[in-house]
Amino acid sequence: MMGRFHFEEIAVGEQIRGLNDRSRRNFLKGLTATPIAALAGGETLLGQTAKKPEVAPAPERREARVPFPPPRKKFVAIQIGARSFVDEGVDACLDTLREKGGVNVVMATVFTYGTGLAGRQVYGEPLPDHGVQEYDRVHGGSFTKVHPEFYADSVVKDIRAPELGEFDILADVIPKAKAKGMQTYALFEEAYNPRLMPNFEKVCEVDVYGRLGRDTCFNNPHARAFLTSMVSDWVTNNDIDGLMWESERQGPLNGTLGAHFGTIGPRRSICCFCDYCIAKAKEVGIDGQRAREGYIALDHWVSRTLSGPRAADGSFIGLWRLFVEYPEIMAWERFWYTSQEQMYGLIYGTAKGINPRLQVGWHIMHLVTMSPFYAADTNYARLVHVADFLKPCPYNNCAGPRLARYIKNVQSTVFRDMTPEQVLAMHYEFFGMENDPTLDKLPTAGLSGASVGVETKRAMADVEGAIPIYPGIDIDIPTGLNEKRTQPGDVKAATLAAFRAGAPGVVLSRKYAEMKLTNLAGAGEALKELGVY
Ligand SMILES: [Zn+2]
């Protein structure tokens with residue numbers, strides 16, 4: 001069954017890529033919820049389908065919506081958590097966003113247990129020039145009302161965030177945004193807190209050693225039911241204009257190799273090897289046991305490379321030999337990404353089945369502009385058939401320290417035969433970057449605004465115009481106090497670079513609560529310069 005599904009998935013993608021924008025929309029409109037869900041991941045060997053609960057029909061929506069954004073305007077979105085609306089007042093907040101940043105789309109965080117999209121400034125960073133001047137604690141969960149009837153099939157049910165009382169980031173914001181001509185998208189991410197989510201052990205990944213992970217498994221039917229329950233609830237009960245999900249993680253190969261900008265710890269999380277994954281892999285002809293052996297061998301290789309003396313063969317030859325010996329390592333990595341794409345398909349089909357006019361898209365994490373491994377795995381061209389837009393994140397300011405850490409990580413494993421400076425120069429070549437800082441200057445200099453244009457062009461070329469690309473613009477994403485800090489000119493340059501590369505819109509990121517208004521105004525300045533404010 002998976003084989004058949006896979007074939008159909010590509011067929012749909014190819015059909016859509018061959019269409020222009022208007023015919024693509026019509027093509028999608030012609031597909032009702034059932035075939036989309038069936039083609040794009042709702043129907044798997046696990047028998048998990050995107051079920052719609054039997055509840056009252058969705059509230060009446062305005063007919064024929066006016067085109068958005070209006071003529072001679074751009075799509076200018078901002079990510080914002082409920083805490084900001086509560087602290088500053090919904091109307092006042094929306095006015096600030098419009099006036100300073102030229103914002104016309106509110107990407108409102110409906111679900112997270114993390115601090116990247118919710119709460120005030122993260123602890124330790126200077127408080128910005130607006131909002132309550134005090135740090136807070138994020139419990140997290142759902143920042144909109146939870147309708148229990150939608151969670152009948154979900155083992156995870158109790159998710160309402162308690163910290164803001166009855167405030168509802170959808171019901172309390174949408175009418176006010178609409179009155180100001182602004183759209184509202186529901187924004188959610190995979191930032192879970194197993195300690196605060198009863199039954200999380202029933203939806204989570206299992207690593208190569210049998211330990212429970214902190215993320216949900218894409219192939220676990222309970223995890224799939226949980227996500228479709230939330231999406232069905234939000235889309236049915238609120239007149240939202242769009243939906244964006246952040247699945248901020250990568251497959252087991254990249255993670256094991258330390259191809260990220262975090263710390264390479266001794267307890268690497270190598271996922272997922274749960275029973276659902278093993279069974280599904282078997283159906284597509286991948287031997288889970290061989291994959292497990294391959295990943296354990298790879299884990300040992302990483303430990304030896306990190307702490308041991310240089311092997312006679314060097315680093316790269318030994319690693320490549322392992323790939324040749326265990327082709328299942330690559331197969332398992334691809335299996336992980338295919339499963340993630342199917343999860344995108346399931347969410348897409350679920351949401352569009354309830355409201356076909358909804359714009360559904362995916363945030364593609366920052367690593368996509370640093371790691372050739374992650375950029376190769378995340379195939380924009382394949383995502384066009386399960387997305388109405390994509391938001392790649394060429395965050396150029398925090399890229400300073402982040403890229404420096406990423407380079408240090410991969411230099412200590414895959415590229416240990418080279419110097420860190422050589423590894424950085426090679427990465428600039430991989431991504432077609434010119435005149436960017438040397439490794440010693442990188443953490444304090446960040447990358448140029450022009451680098452935002454480079455990724456925008458790459459993404460636009462990959463999707464061949466099938467869907468819009470809205471690059472994420474870095475405004476005060478936290479860095480160390482002695483590292484690159486955002487300035488108004490950086491935001492203006494990045495925004496200009498995105499639009500000059502041809503993007504029809506941008507997403508100001510990560511969250512309003514950590515942005516200085518003087519920096520947010522850099523986006524407004526860029527719009528004014530382009531005559532589209
Ligand atoms: Zn699994």
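Index from 1, following the sequence. Worth knowing before you read on, the calculation uses all heavy atoms, side chains too, and leaves out hydrogens, waters and symmetry mates. Counting convention: from 1, in listed order, for ligands and their atoms alike.
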Residue set satisfying ring-ring contact (aromatic ring centres under 6.0 Å, His included) with Tyr209, at least two apart, ordered chain then number -> none
Sub-6.0 Å ring centroid separation between Phe218 and Tyr337: no
side-chain contact (heavy atoms from CB on, under 4.5 Å) between Ile240 and Asn355, intermediate numbers included: CA-CA 9 Å; Ile240 51 179; Asn355 179 1; 5.8 Å; no
Can you list, by chain and residue number, the protein N, O or S atoms under 2.8 Å from the Zn ion (ligand 1)? Cys217 SG, Cys272 SG, Cys274 SG, Cys277 SG
Any luck finding a side-chain donor-acceptor pair between Thr144 and Asp168 under 3.5 Å? yes
For Arg120, all residues meeting salt bridge (charged side-chain N to carboxylate O under 4.0 Å, His left out), sequence neighbours excluded: Asp87
Sorted by chain and residue number, the salt bridge (charged side-chain N to carboxylate O under 4.0 Å, His left out) partners of Asp417 (sequence neighbours excluded) come out as Arg310
